[in-house]
Structures are given as structure tokens and as C-alpha cells.
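I have placed the structure first, in the form of C-alpha cells, so that the comments after it can refer back to it.
Scope of the values below: all heavy atoms of this structure, side chains included, with no hydrogens, waters or symmetry mates. Predicted, not measured: the structure shown is a model, and the values here were computed from it.
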Amino acid sequence: MIKFEKALNIILKTIKPLKSEGVDILAALGRVLAENIRSDYDIPPFTNSAMDGYAVRSVDLKGASAASPAVLKIIDDVRAGSYSKKKLLKDTAIRIMTGAPLPARADSVVMVEFTEKAVNANFVKVFISTRKGENIRRAGEDVRKSETVLRKGVIIRPQEIGMLASMGARRVKVYKMPRIGVLVTGDELAGMGRKLSFGKIRNSNTYCLLSEISALGAVPVNLGIAKDNPVQIREKIRKGIDRNLDMLLISGGVSVGDYDFVKDVLIELGANMRIWKIAIRPGKPSAFGQINGIPVFGLPGNPVSSMVVFEQLARPAILKMCGAEKIGRPAVNAIFTGDFRKRKCFKYFVRVKISNKKGALYASLTGPQGSGILKSLVLAEALMIVPEGISRLRKGQKVEVQLI
Ligand code: AMP
Ligand code: MG
């Protein structure tokens, strides 16, 4: 049995990012950028108005107020998408809309709310003074020409896609999506749509794991259910490997039961197994190695264990394969509200809800923590990480929680 950190280390060392490919930016959502992106121009490309109002010279508005407004001659009108060829001279203003380029010699914009057309509509009364630069968006204030805005390794979200579009990038280089096979084992598993006869249960792991994989921007490959039978397990693993996989997940059958054959089959197939047991709860019977150079995880059959081990070990491995720089979930501190006993030699991942009272975060158990109790994982917003060496956690103690 090895410690969690050591297991994670061993796993991550064997994982390499895949090659890259070019995709349309709309196809890049959830993918990982495989190149640094620099802007060819300033964004915004020209200094422009942040408000609807009048472009002015602030010197002309010195001392302007409601009681003694400045009166400026309106010499032009400019809207977004066009520009004014005029330049501002003393005591003149140009009507301007948000996003329109700032006319020559204007140094600020006064909001329309602080103005009123004079009786002679060619003039405007301004009831307020402006500071230089007020209500103006400077060229390059968002992005400077040649600035590296997006770096290799970031996961592309809608805001990254917006940024790519504003730089005029139609296509972008991203890492290829790993193909990840999921094989579940167990005589007790009834396929979806099959009758649930006595002694059988539904197969939830296939669905949970396939969706974990999709959520990471990888390609899930369903390898079905294998009976607890070495011949069948071997066949399904072989077929899986033939499907051009970058990683293989096998759930169930990795423990020490009489019908747990995954271990024997992996060894027989020549897998280079590095891990058989990890000092974590849930998830102790977890294996890792490589088969034909493909990373293979043996996940526990219990639904919660399987997902927790996926989250803690397979997820970072897949993200690394996807080229991502950040592969961990965010963790924060919270105050524990319950009473929890544990075995000292294991690191625990405990299902908790998070609440925020007067600025402090509290972590409360979501229910029984058995590794088959999926409902308490459904209710969970975080996993409370309780390290080895601790045997009891009491109310009021500070804990680390990982937001899931
Ligand atoms: P195992 O790791 O094969 O000993 O399985 C441990 C427990 O997890 C057993 O109670 C199984 O019935 C349950 N289990 C195994 N595979 C699945 C699965 N695919 N979906 C739901 N439960 C499962
Ligand atoms: Mg089993």
C-alpha cells in the first residue's frame, strides 16, 4: 500500500501531453491551448468613447456647473463604426456614441445626462466639468500590440474564445483529445434496459466515468461490461486496446475477492503495474500501470470509490494528457461542523456540503460515508481532505476542502 502523494507522482510521471491540432475557435471550447497567442494589434484598436454624450476639451468646461453651464457649439455627430473628420476647437463639442473613435483634440467625454440642448439646437449646455481621460477607453487599454494574451496550457472557456475572436484568430492550435476507454466488470451488473433480477444491480460506474471523461474534454469510449471471468475480461481489454486508446479505466474486480480477476489478467497481458493499493478512503483497492504503453487504471467497483479515485488520480492524469497546466481542483479552508472518526493510516476524502456564515465557510457531512452510498456524493459540494495521522476530527476544527 502506498501513500496518495506517491501514487499521484508515479502516475503523473508516466503521462505525456498528446500532439496538437488546429481547430476552428468555436470547436475549441473545453480544449487546451497548445500555442501562445499574441495580439497583432492594440485592443481596443483606437481610443474611443465609453459613453453616449459629447466629446469635449476639458479646458472648455472649467468651472461648469448646473448654475453656470458651459455652452459649446456642436460641430459634428459621430456614431460607433464611423469617425469624425473634424477636430475640436475652443468651445466646441462633437456629439458621440459609445464605441465611436474619439475626435482629434478631444480629451474627454461628457455623459449626455449632464447636458441639455440649447434653444439654438446647434449648441449644447454642459452642467459639469470633466477630467482629461474621463469616459474614454484608450487604444490598447485591454491588450497591447504584441502582448501574449493567452498561454499554452490554458483550458479554453467562453471568455478565452471571445478574446481569440477579438484578436481575429479564426483557428487555434489545441492538444488532441485523449481517447479513454471505460470497462466495468462484475457478474452482478445488469445492463441498462435489462431486467433487474434478484442479486443484480445497475451499472452506474460506466455512466459516471464516461461523463467525467466528457467533462474534461476527452473522448469517452464505452467498452461495456465484462463478467467476472478472466477470459472475458482479457478479451474486452484486448479489444479496448485495439480501439486506439490513450488511457484505459477498468472498474471493479481489482480487489482480493475470489472473483476479482482484473489483477491476474493485467499481469498475464504483460502490463507493467506500478500500484496495487493506495492508502486512501474511499478507494484503497486502486491499481495503476501501463499496458502496451497505455496508462491503465484499476478503479474500485464501489461507485463512490470509483469516482473519488477518478477525481483524485485519473482526472489530473487526463488533464495532463490534454496539455493543461492546472490539473488540480481548487481547495479552500473551512470549519468542520460534525464529528468524524477515521483510520490514521489513510488519507480520507469525505463528502461535505459547504455553507457560508458571516464570511466563514463551514463543511458539513452530507450523510453516511459508505463507499457504496452515491447519494451522499450527489449531495456533496466538496470533498474534505483529511490527511494521514489524524484519527478524529471534531466540530470547530479547520479543514481543507476541495470544491468539486
Ligand atoms: P468490486 O470492486 O468488484 O469488488 O465491487 C465492489 C462493489 O461495487 C460491489 O458491491 C459491486 O456490486 C459494486 N459495483 C461494481 N461495479 C459496479 C458498477 N459498474 N456500477 C455500480 N456498482 C458497481
Ligand atoms: Mg466485482
Side-chain angles (χ1 to χ4, degrees), residues 11 178-197 199-216 218-230 232-237 239-241 243 245-257 259-263 265-266 275-278 280-289 291 294-318 349 351 366 368-380 383 404:
I11 293 164
R179 288 169 52 83
I180 303 185
V182 174
L183 175 65
V184 301
T185 68
D187 284 348
E188 73 278 34
L189 302 176
M192 201 62 96
R194 293 275 170 85
K195 195 174 143 251
L196 205 57
S197 54
K200 307 281 181 194
I201 58 164
R202 286 282 177 228
N203 160 25
S204 60
N205 291 354
T206 291
Y207 300 91
C208 177
L209 294 170
L210 293 176
S211 17
E212 281 269 23
I213 292 164
S214 306
L216 291 179
V219 182
V221 180
N222 188 356
L223 304 177
I225 303 175
K227 293 264 186 241
D228 290 316
N229 157 337
Q232 211 182 92
I233 294 173
R234 190 187 314 128
E235 268 326 287
K236 299 246 173 181
I237 292 179
K239 280 208 181 121
I241 295 170
R243 289 180 68 180
L245 297 180
D246 297 297
M247 184 185 286
L248 172 61
L249 308 179
I250 306 171
S251 122
V254 275
S255 203
V256 291
Y259 301 95
D260 288 336
F261 296 118
V262 170
K263 182 174 181 173
V265 172
L266 283 172
I275 299 169
W276 284 118
K277 265 185 201 154
I278 308 174
I280 53 173
R281 281 251 169 121
K284 181 177 96 171
S286 295
F288 176 80
I291 182 164
I294 301 167
V296 54
F297 281 87
L299 304 176
N302 274 306
V304 176
S305 316
S306 143
M307 187 170 161
V308 165
V309 175
F310 181 94
E311 277 285 322
Q312 304 305 323
L313 296 168
R315 184 178 188 275
I318 294 169
F349 298 93
R351 286 148 263 172
T366 54
Q369 297 286 319
S371 50
I373 299 184
L374 200 50
K375 198 171 71 190
S376 52
L377 190 51
V378 169
L379 295 172
L383 292 174
I404 57 168

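Residues Ser306 and Leu209 meet the side-chain proximity criterion, which asks for heavy atoms closer than 4.5 Å. Contact annotation: the side chain of Met307 approaches that of Cys208 to within less than 4.5 Å [non-hydrogen atoms, C-beta and beyond]. Annotation: side chain of Leu245 is in contact with side chain of Leu223 (closest heavy-atom distance under 4.5 Å). Between Leu313 and Ile278, the closest side-chain pair of non-hydrogen atoms falls below 4.5 Å. Counting heavy atoms from C-beta outward, Ile294 and Asp246 have side chains that stay 4.5 Å or more apart.
Side-chain atoms of Ser211 come within 3.5 Å of backbone N or O of Tyr207 as a donor-acceptor pair. Using a distance-only test at 3.5 Å, with no hydrogens or angles considered, no donor-acceptor pair links the side chain of Asp228 to the main chain of Gly253. The closest donor-acceptor contact from the side chain of Ser214 to the backbone of Leu210 lies under 3.5 Å. Judged by distance alone, the side chain of Lys236 and the main-chain N or O of Ile225 form a donor-acceptor pair under 3.5 Å. Between the side chain of Asn222 and the main chain of Gly224, a donor-acceptor pair closer than 3.5 Å is present. Looking only at distances, no side-chain donor or acceptor of Arg315 sits under 3.5 Å from a matching main-chain atom of Val308. A donor-acceptor contact shorter than 3.5 Å links the side chain of Asn229 to the backbone of Gln232. Side-chain N or O atoms of Ser376 include one that pairs as donor or acceptor with a backbone N or O of Pro368 at under 3.5 Å. Ser371 places no side-chain N or O within donor-acceptor distance of the main-chain N or O of Val304, the cut-off being under 3.5 Å. Put simply, the side chain of Arg179 gets close to the backbone of Arg243: a donor and an acceptor are under 3.5 Å apart.
Applying the salt bridge (Lys or Arg N to Asp or Glu O under 4.0 Å) test to pairs two or more places apart or on separate chains, those with a residue in residues 297-314 are Glu311-Arg329.
For Phe310, the ring-ring contact (aromatic ring centres under 6.0 Å, His included) test picks out no residue, with sequence neighbours left out. Listed by chain and number, the residues in a salt bridge (charged side-chain N to carboxylate O under 4.0 Å, His left out) with Glu235 are Arg238 (sequence neighbours excluded).
Within 6.0 Å of the NZ atom in Lys277, the count of heavy atoms belonging to other residues, nucleotides or ligands does not exceed 12.
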